[in-house]
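Step one of this worksheet: look at the structure below.
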Amino acid sequence: MTPAALATTVRDAALEVLRARELDESVLPEQVVVERPRNPEHGDYATNLALQIGKRLGVAPRELAGWLADALAQSDSIDSAEIAGPGFVNLRLAADAQGGIVAKVLEEGAGYGQGEQLAGTRINLEFVSANPTGPVHLGGARWAAAGDALGRVLEAQGADVTREYYFNDAGAQIDRFVNSLMAAAKGEPTPEDGYGGAYIGEVANAVLTQQPDALEREDAAEVFRQIGVGLMFDEVKRSLHEFGTDFDVFFHEDSLHQSGAVGELVERLKNSDNLYFSDGAWWLRSKEFGDDKDRVVIKTDGAPAYIAGDIAYFADKRARGFDLCIYMLGADHHGYIARLKAAAAALGDDPATVEVLIGQMVNLVSNGEPVRMSKRAGTVLRMEDLVDVVGVDAARYSMIRSSIDASLDIDLDLYAKRTNENPVFYVQYAHARLCSIARNAEDLGIAAAGRSELGLLTHEREGELIRTIGEFPGVVKASADLREPHRIARYLESLAAAYHRFYDSCRVLPMGDEPATELTGARLALCTAARHVLANGLRLLGVAAPERM
RNA sequence: GCCCUCGUAGCUCAGUGGAUAGAGCACUGCUCUCCGGAAGCAGGUGUCGCAGGUUCGAAUCCUGCCGAGGGCGCCA
């Protein structure tokens, strides 16, 4: 019996109690909370239902809990139901019912954990979107890992997700980049407000290799822009790909200007109630969406401001049929939330189709001291540097494991020294260990047991492992609902722990010449289920589930 | 000044209103003849930044304060 099924059982039992006592059944929530108590003495599961609705019914929670416990105790699936504390009902599942969780995982395999919550929803997930004026750095790596994982989690709930990267390749940033390249090509120092760093010299040289007379040409800047920016695009795409993050669409801001989309949009917006003319410029009423002030969309000189591109881009996304546009941005862009919402409103669209996730910064730390990173000075730590030190799996895992709401401190020295201590190895090891058992079982010709033997799994550690496995679908759903992929990582750590503890006290395969028993088969089935869930969870993170390590 | 996020063990961080607040790392001791020891068990540290409030119940929600980071251009 899965937690979801148990919740239904509890609700049904409660409904029965309320009806029998002629109490108001409308106070019963649709979703009854059934959770795993911290303290195992409090049972396998517990429900706080009596506490939730007791007051509204005018019944003492403990009394209500007593009625509920009596009703639940009637179920074949439930071994015991007891009142506890202020009005909890602590439940213990019958071993056979609990074994049903294992059977379900074996049945669903790679599909276990998926849901239909977002079926039919087309989501545009934009993340990273770092300026193509340099390599992807540490912060970008965080969004690459977390964004990709979020995409996978949303897909696991049935969403149709398009991963998108927005290249800001129009405007002054690129001009500075080009100027920096040309200065490097001429052997001149980095210009004021230009970009430093070794890669500038490398890209400049690459441009000269492709176009040896680039500096002499009249359209030198254009040549450097074409080739240099192109090389940078390739570099960004390549490093993200190597990081296990692939995008469906790389969108170029420049294309919005070239196609005239921005110009058309600007004209159209003048008719919007959310735009007004003042002091010679056109303003967006972003204040109504929480902004500090309204923002200029069309400048006094008639040229579109940067934000016009954002609005055109959003319009483009919607025109492509997306129901929801998620933007993952760094904390330095939190001011965009109101603007993007206002932009949707200005287009006559629903601001709820814009969802902005703000992630906090990644700091580089050394010996407990923060290391200042400057893109301009070229002292940033690149995503690749991190990968070189710890590998893709550990790098991704480190980035995903924490909530994006919290800023993250990365101590590279520590990572370099202790790669084996990254929790990802703990999780991967559990998977590798399970694969080893599966290999041995196959050699011995032992097969996993069928449904009827799963009730033999009555050991405390078996129960804990089974119940942890049972939590997975709920974790995936919460992870998707809250846009918090780190929950998957934390869950996997608890699953790996439950498995290692099980392994420590429950021998799976027969020792020496002992024959395989029904329990052997049942434990093997449990192992197979655990292996599926570890693999499914790691897949959601884009982290490998190795068979050997 | 205003806005956003954070403040939990020595460190890095979990904890979408529940019972005695957790994990990894670091420290110490133990378990183990055979399924992978990259494991398990035990030991111990907490004014959950501070102060109020809401609630049967608050690390979690609300208000104020303190501290850290970030943001507040007709730049992009």
Side-chain angles (χ1 to χ4, degrees), chain A residues 33 35 37-39 41-42 46 48 51-52 54-55 60-62 84-88 90 131 168 170-176 253 279-283 290-293 295-301 303-307 309-310 330-338 358-361 363 365 368 370 398 401-411 414 418 420-423 425-426 428-430 432-441 444 461 478 481-482 484 486-487 489-491 493-494 496-497 499-512 520 523-524 527 548-549:
Chain A
V33 175
E35 56 190 1
R38 279 202 189 89
N39 188 337
E41 286 171 21
H42 292 151
N48 60 3
L51 285 161
Q52 300 280 13
K55 191 169 190 176
R62 274 189 69 92
F88 292 102
N90 293 339
N131 284 337
N168 289 114
Q173 307 266 24
I174 291 290
D175 295 340
R176 289 188 197 129
E253 180 192 1
D279 296 333
W282 288 86
W283 299 73
D291 207 346
D292 295 343
K293 57 179 79 166
R295 305 285 165 174
V296 167
V297 178
I298 306 169
K299 300 188 271 191
T300 40
D301 63 4
Y306 176 77
I307 189 175
D310 281 339
D332 51 342
H333 288 78
H334 97 264
Y336 282 40
I337 302 174
I358 296 298
Q360 298 302 308
M361 302 297 192
N363 306 307
V365 174
S398 311
R401 182 170 190 267
S402 298
S403 161
I404 61 165
D405 283 344
S407 60
L408 201 58
D409 288 348
I410 297 281
D411 187 327
L414 218 63
R418 304 176 182 168
N420 279 1
E421 288 154 20
N422 188 310
F425 295 103
Y426 183 75
Q428 289 184 317
Y429 178 61
R433 232 182 184 186
L434 279 159
C435 288
S436 174
I437 290 182
R439 284 192 297 269
N440 295 340
L444 294 169
R461 297 279 173 82
D481 287 347
L482 301 167
E484 292 182 346
H486 74 275
R487 286 170 186 275
R490 297 297 173 151
Y491 165 78
E493 288 167 33
S494 72
Y499 166 68
H500 286 308
R501 279 195 292 270
F502 154 79
Y503 179 91
D504 188 63
S505 30
C506 299
R507 175 81 198 188
V508 179
L509 298 175
M511 293 205 277
T520 304
R523 285 183 171 166
L524 201 53
C527 284
R548 291 188 169 86
M549 54 191 286

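A note on names: the letters A, B, ... follow the listed sequences, proteins ahead of strands, and every chain is numbered from 1.
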Ignoring hydrogens and angles, are the base of U12(B) and the side chain of Asp409(A) linked by a donor-acceptor pair under 3.5 Å? no
Any Tyr426(A) side-chain N or O less than 4.0 Å from OP1/OP2 of G40(B): yes
Would you sketch RNA chain B in dot-bracket for me? Only Watson-Crick or G-U wobble pairs with both distances under 3.5 Å count, crossing pairs as [ ], other-strand pairs as |, the rest as dots. (((((((..((((....[...)))).(((((.......))))).....(((((..]....))))))))))))....
N or O in side chain of Arg487(A) less than 4.0 angstrom from G15(B) OP1/OP2: yes
Phosphate OP1/OP2 of G40(B): any Arg501(A) side-chain N/O under 4.0 Å: no
Roughly, in whole Å, what's the span from OH in Tyr503(A) to P in G40(B)? 12 Å
Under 4.0 Å between any heavy atoms, over every strand shown, what does Asn90(A) touch: base, sugar-phosphate, or nothing? Just pick one. base
Distance between the P atoms of U20(B) and C62(B), in whole angstroms? 24 Å
Would you say the side-chain atoms of Ser402(A) pair up with the backbone N or O of Ser398(A), donor to acceptor, closer than 3.5 Å? no
Between Lys293(A) and Trp283(A), does the side chain to side chain contact (heavy atoms under 4.5 Å, CB included) criterion hold? Intermediate values first, please. CA-CA 10 Å; Lys293(A) 57 179 79 166; Trp283(A) 299 73; 6.0 Å; no
Short question: side chain of Arg461(A), backbone of His500(A) - any donor-acceptor pair under 3.5 Å? no
Ranking Val508(A) and Asp504(A) by the position along RNA chain B of their nearest nucleotide, the one closer to 5' is Val508(A)
Take the angle between the ring planes of Tyr499(A) and Tyr503(A) and call it parallel below 30°, perpendicular above 60°, tilted in between. tilted
Please check if the side chain of Arg439(A) supplies one atom and the backbone of Ala441(A) the other of a donor-acceptor pair under 3.5 Å. no
With a non-hydrogen cut-off below 4.0 angstrom, is Ala303(A) in contact with a base, only sugar-phosphate, or nothing? nothing
Within this structure, what is the OH-to-C1' distance between Tyr491(A) and U16(B), rounded to whole angstrom? 18 Å
Please state how far atom CG in Asn48(A) lies from atom P in U16(B), giving the value in whole angstrom units. 14 Å
Whole-angstrom distance between G43(B) and G24(B), as gauged at atom P: 14 Å
Contact class for Asp405(A) (heavy atom, under 4.0 Å): base, sugar-phosphate, or nothing? sugar-phosphate
Heavy-atom closest pair (Asp405(A) atom, Gln360(A) atom, distance to 0.1 Å) is O-CG, 2.9 Å
Using atom P of each nucleotide, how far apart are A51(B) and U60(B) to the nearest Å? 13 Å
Distance between C1' atoms of G37(B) and C32(B) (Å, rounded): 9 Å
Using the C1' atoms only, state how far G67(B) lies from C48(B), rounded to an integer number of Å. 16 Å
From the candidates A19(B), C34(B), G24(B), the one with an atom nearest any side-chain atom of Met511(A) is C34(B)
Testing A14(B), A19(B), U16(B) for proximity to the side chain of Ala84(A), the answer is A19(B)
Taking for each residue the nucleotide of RNA chain B bearing the nearest heavy atom, is the 5' side occupied by Ser505(A) or by Pro86(A)? Pro86(A)
If you measure from the C1' atom in A26(B) to the same atom in A9(B), how many Å do you get, rounded? 12 Å
Grab the two heavy atoms, one from Thr300(A) and one from Asp279(A), that are nearest each other, plus how far apart they are. CG2-O, 3.3 Å
Between G18(B) and G57(B), how far apart are the C1' atoms? Round to whole Å, please. 7 Å
Of all heavy-atom pairs between Thr520(A) and Val508(A), which one has the smallest distance, and what is that distance? CG2-O, 3.4 Å
Presence of Asn440(A) side-chain N/O under 4.0 Å of G36(B) phosphate oxygens OP1/OP2: yes
For Asn131(A) and Gln173(A), which heavy atoms make the closest approach, and how far apart are they? ND2-NE2, 3.5 Å
Which part of the nucleic acid, if any, lies within reach of Cys435(A) when heavy atoms closer than 4.0 Å are counted: base, sugar-phosphate only, or nothing? nothing
With heavy atoms under 4.0 Å as the rule, sort Leu408(A) into base, sugar-phosphate or nothing. sugar-phosphate
Determine, for nucleotides 66-76 of chain B in 5'-to-3' order, which nucleotides have protein heavy atoms under 4.0 Å from the base (write B), from only the sugar-phosphate (write S), or from neither (write -). ---BBBBSBSB
Is Ala432(A) touching bases, backbone alone, or none of the nucleic acid, heavy atoms closer than 4.0 Å? base
Below the 4.0 Å mark, does A14(B) have OP1 or OP2 next to a side-chain nitrogen or oxygen of Arg401(A)? no
Find the distance Arg507(A):CZ to A39(B):P and express it as a whole number of Å. 19 Å
Categorize His42(A) for me: base, sugar-phosphate, or nothing, with a 4.0 angstrom heavy-atom threshold over every strand shown. base
Under 4.0 Å: is that the gap between some side-chain N or O of His486(A) and OP1 or OP2 of G15(B)? yes
Have a look at Ile358(A) and say if it touches a base, only the backbone sugar-phosphate, or nothing, with a 4.0 Å heavy-atom cut-off. nothing
Here the distance between atom C1' of A38(B) and atom CZ of Arg433(A), to the nearest Å, is 9 Å
Heavy-atom pair with the smallest gap, counting every atom of Pro86(A) and Arg62(A): O-CG, 3.5 Å
Should Tyr491(A) and Arg487(A) be marked as a side chain to side chain contact (heavy atoms under 4.5 Å, CB included) after you check the CA-CA gap, both sets of side-chain angles, and the distance that decides it? CA-CA 6 Å; Tyr491(A) 165 78; Arg487(A) 286 170 186 275; over 6 Å; no
For U8(B) and A42(B), measure between their P atoms and round to the nearest Å. 27 Å
Mind calculating the distance between CD1 (Ile410(A)) and C1' (C11(B)) to the nearest angstrom? 14 Å
Evaluate the criterion side chain to side chain contact (heavy atoms under 4.5 Å, CB included) for residue pair Asn422(A) and Arg401(A); output intermediate values, then yes/no. CA-CA 10 Å; Asn422(A) 188 310; Arg401(A) 182 170 190 267; 5.5 Å; no
Choosing from G40(B), G36(B), A19(B), which nucleotide comes nearest the side chain of Ile437(A)? G36(B)
Write down the distance between CZ (Phe425(A)) and P (G24(B)), rounded to a whole number of angstrom. 17 Å
If every non-hydrogen atom of Ala497(A) is compared with every non-hydrogen atom of Tyr426(A), which pair is closest and at what distance? CA-OH, 3.0 Å
Minimum-distance nucleotide (side-chain atoms of Arg490(A) versus G36(B), G18(B), C13(B)): C13(B)
Please report the distance, rounded to the nearest Å, between OH in Tyr429(A) and P in G24(B). 16 Å
